[in-house]
Chemist: 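Have a look at this one before I ask anything.
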Amino acid sequence: RFFQYTNKGGTLLAPQNFSDYESIKQQYKPEIPEYFNFARDVLDKWTAVEKEGKRPTNPAFWWVNDNGDEVRWSFEELGVLSRKVANVLFEVCGLQKGDRVILILPRIPEWWLVNMACMRTGTILIPGTSQLTAKDLLHRLQMSKAKCIITDDVLAPAVDSIESECQFLKSKLLVAEDHKKGWLSFKELIKYASADHSCVNTKHQDLMSAFFTSGTTGSPKMTEHSHSSHGIGLTVTGRYWLDLTSSDILWNTSDTGWAKSAWSSVLAPWIQGACVFVHHMPRFDARTVLDSLSRYPITTVCSAPTAYRMLVQHDLTSCKFKSLQHCVSAGEPINPEVMGKWKTQTGLDIYEGYGQTETVLVCGTFKGMQIKPGSMGKPSPDYNVQIIDENCNILPPGEEGDIAIKVKPKKPFCLFTGYADDPEKTDSTIRGSFYITGDRGFVDEDGYFWFVGRADDVINSAGYRIGPFEVESALTEHPAVVESAAVSSPDPIRGEVVKAFVVLAPDYLSQDPEKLITELQDHVKKVTAPYKYPRKMEFVQQLPKTVSGKIKRNELRKKEWEKI
Ligand code: ATP
Ligand code: MG
């Protein structure tokens, strides 16, 4: 059912089956070959398996959009097309191994082809979200010194407007039906490109990609990963958290600019030979998601808590999901209430995963493990995860501290290489023998990790430390609350108090706000320790979020503190 890499550069061996956490930990021992290239050592191997008739007849890639257009590619077709793109990058754009390529496309099939072509050419892929402005593009082009940009006709004018300030940029590839002056036509070029290309023989530690972090707490950081850190490091994600096999069809709803798309839209599913399903929606639409889950034989769905919060606002009992068996959530903590509603209405659990652009999966509730709603599960077998204090002492169960990963004496192979061209910032993540995630949490007696909040988001009120997630989860248990953000707000007596920004469910919009605030405050006092209740509350139509759907608490907090 599973595959394990070997030192000889990717001969695939039959694997063992795991059902519980301890056996995963004992038996999962990834081997890191000296040379490793995901396109050659995984994708092309799956092409061979497919040709031998040993893979189910699922496509490797299945794309649909709102207009009923559909693309289905086998691993072989992906191989042929991506080799053509590799030849365009190499021959027409003149790119060499180690050159950086910025890729900004919505969820269209070409995005996947460029991903694979960059692997084949050894060029470093830097994806970005389509929501970038000309100013963001300039910053990213200058910072990355990218030699090539690949985008569509929506963003091309913005690139043209700043191009004169980007002296490293040599070629611009346009993915569009029409031609544009100064741009190479992607579609035209691949029509005539050769499908013969020999994959560059990359060393496992050669850089493969540089994703920008979500920018939840500040400027997004350009985070470099190697062929092995992502290409092999996402095995745990695909195998144990997503629980994929080659007969599965996975839909990950995340934006193409976020590292989670590398995890769940490219590498983790293809490591397992599973099918990557994509419904290209101009924007997230709960009805369309539910409709697709009902219409297509999707077995596994990976989404962010924000999406699940929207989905449970609908009546799910009337949905007949065709093949859905496994649901996962990552990116933010998922409220136990949302997990409960999803389970009651669909019969399915939500398995949580915790990680960062800098890491791969750090903790997860793996299939087969008992779920503790509100917990992030247990550490990935790739990492030694601990809760530590400011002096690097490992804290006992129940005590809140920094979530940290042991990096000495040996740095885990699946941790990022560094922030691009910024060794100082990279070094600042290390304290003693640990990489500091910047998140706070605690571990319980059973070894499950619990997220308290980003270090900056934890509220310190009259001597009590309050994690925003606990307050938000308590609020979400009230039917009036769709979602909320709890932040610190100044208070003359307590120094700071909890303020909750709340998005109300439609049925509650006409209620007397003062009464509703008191009702919600009483509710929080009842369902959690009373000192955590939000002393201040404001109803809002929406919360500020990153493109990847994360609540920007720092924006709300800043506004509160600017008022004084
Ligand atoms: P930036 O570093 O630019 O501020 P970011 O940290 O949001 O942005 P990402 O790397 O996309 O950028 O997100 C990683 C962070 O997301 C984690 O450090 C953590 O704060 C949060 N996160 C991810 N998954 C979970 C989860 N399951 N539970 C709680 N928090 C999570
Ligand atoms: Mg971060």
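Computed from heavy atoms alone, side chains included, the values below leave out hydrogens, waters and symmetry copies. Source: prediction; values computed, not measured. Note that ligands are numbered from 1 as they come in the structure, with each ligand's atoms numbered from 1 the same way.
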Chemist: With a 4.5 Å limit on heavy-atom distance, are the side chains of Asn393 and Ile388 in contact?
Modeler: no
Chemist: What are the atoms of ligand 1, with element, lying closer than 4.0 Å to any heavy atom of Trp258?
Modeler: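 Once the distances to Trp258 are compared, the set is 11 (O).
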Chemist: Out of curiosity, is Ser548 lining ligand 1, as in a heavy atom under 4.0 Å away?
Modeler: no
Chemist: Between Ser214 and ligand 1, does any nitrogen or oxygen pair lie at a separation below 3.5 Å?
Modeler: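 Between Ser214 and ligand 1, an N or O pair is found under 3.5 Å apart.
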Chemist: Give yes or no for whether the N/O distance cutoff of 3.5 Å, strictly under, is met between Phe451 and ligand 1.
Modeler: no
Chemist: Is the shortest N/O to N/O distance between Gly215 and ligand 1 below 3.5 Å?
Modeler: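 Yes, Gly215 has an N/O under 3.5 Å of an N/O on ligand 1.
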Chemist: Counting only heavy atoms, tell me which of Asp439, Val452, Thr359, Thr546 gets closest to atom 17 (C) of ligand 1.
Modeler: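 The nearest heavy atom belongs to Asp439.
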Chemist: Test your reading of the structure: does Pro333 have an N or O sitting under 3.5 Å from an N or O of ligand 1?
Modeler: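 So ligand 1 has an N or O lying under 3.5 Å from an N or O of Pro333.
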Chemist: State which residues pass ring-ring contact (aromatic ring centres under 6.0 Å, His included) with Phe61; sequence neighbours excluded, sorted by chain then number.
Modeler: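 Once residues adjacent in sequence are excluded, the partners of Phe61 under the ring-ring contact (aromatic ring centres under 6.0 Å, His included) criterion are Trp73, Trp112.
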Chemist: Run the numbers for me: atoms of ligand 1, each under 4.0 Å from some heavy atom of Thr357, listed by number.
Modeler: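 Listed by number with element, the hits are 9 (P), 10 (O), 11 (O).
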Chemist: Ligand 1 and Pro220, any nitrogen or oxygen pair closer than 3.5 angstrom?
Modeler: no
Chemist: With under 30° as parallel and over 60° as perpendicular, where do the rings of Tyr419 and Phe416 fit, or are they tilted in between?
Modeler: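 Tilted.
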Chemist: Is Asp456 salt-bridged to Arg553, cutoff N-O under 4.0 Å?
Modeler: no
Chemist: Which option, Arg454, Glu332, Glu352, Gln356, owns the non-hydrogen atom nearest atom 6 (O) of ligand 1?
Modeler: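 Shortest heavy-atom distance from atom 6 (O) of ligand 1: Arg454.
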Chemist: Among all protein heavy atoms in this structure, tell me which lies nearest to atom 21 (C) of ligand 1, with the distance rounded to 0.1 Å.
Modeler: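 Looking at atom 21 (C) of ligand 1, the protein heavy atom closest to it is Gly331 O, 3.3 Å.
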Chemist: Inspect the contact between Lys559 and Glu538 and indicate whether a charged nitrogen and a carboxylate oxygen are less than 4.0 angstrom apart.
Modeler: no
Chemist: Specify whether Tyr21 and Phe366 have parallel, tilted or perpendicular ring planes, treating 30° as the upper limit for parallel and 60° as the lower limit for perpendicular.
Modeler: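 Tyr21 vs Phe366 ring planes: parallel.
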Chemist: Could you tell me which residues satisfy ring-ring contact (aromatic ring centres under 6.0 Å, His included) with Trp251, sequence neighbours excluded, listed by chain and number?
Modeler: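 ring-ring contact (aromatic ring centres under 6.0 Å, His included) check on Trp251 returns Phe277.
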Chemist: Among all protein heavy atoms in this structure, tell me which lies nearest to atom 13 (O) of ligand 1, with the distance rounded to 0.1 Å.
Modeler: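 Nearest protein contact, heavy atoms only, for atom 13 (O) of ligand 1 is Lys550 NZ, 2.6 Å.
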Chemist: Let me know which of Arg557, Arg440, Lys550, Arg465 forms a salt bridge (Lys or Arg N to Asp or Glu O under 4.0 Å) with Asp457.
Modeler: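 The single option meeting the salt bridge (Lys or Arg N to Asp or Glu O under 4.0 Å) with Asp457 is Arg557.
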Chemist: Side chains of Glu332 and Lys545: closer than 4.5 Å at any heavy-atom pair?
Modeler: no
Chemist: Is any N or O atom of Thr216, backbone or side chain, closer than 3.5 Å to an N or O atom of ligand 1?
Modeler: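 There is such a contact, yes.
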Chemist: Give the atom numbers and elements of ligand 1 that come within less than 4.0 Å of a heavy atom of Lys221.
Modeler: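 Numbered from 1, ligand 1 contributes 1 (P), 2 (O).
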Chemist: Within the structure, is a non-hydrogen atom of Gly353 found at a distance of less than 4.0 Å from ligand 1?
Modeler: yes
Chemist: Output yes when the distance from some N or O of ligand 1 to some N or O of Thr217 is under 3.5 Å, and no in every other case.
Modeler: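 N/O-N/O distance under 3.5 Å: yes.
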Chemist: Assess the pair His225 and Phe211: is the distance between their ring centroids shorter than 6.0 Å?
Modeler: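 No - the distance between ring centres of His225 and Phe211 does not fall below the 6.0 Å cut-off.
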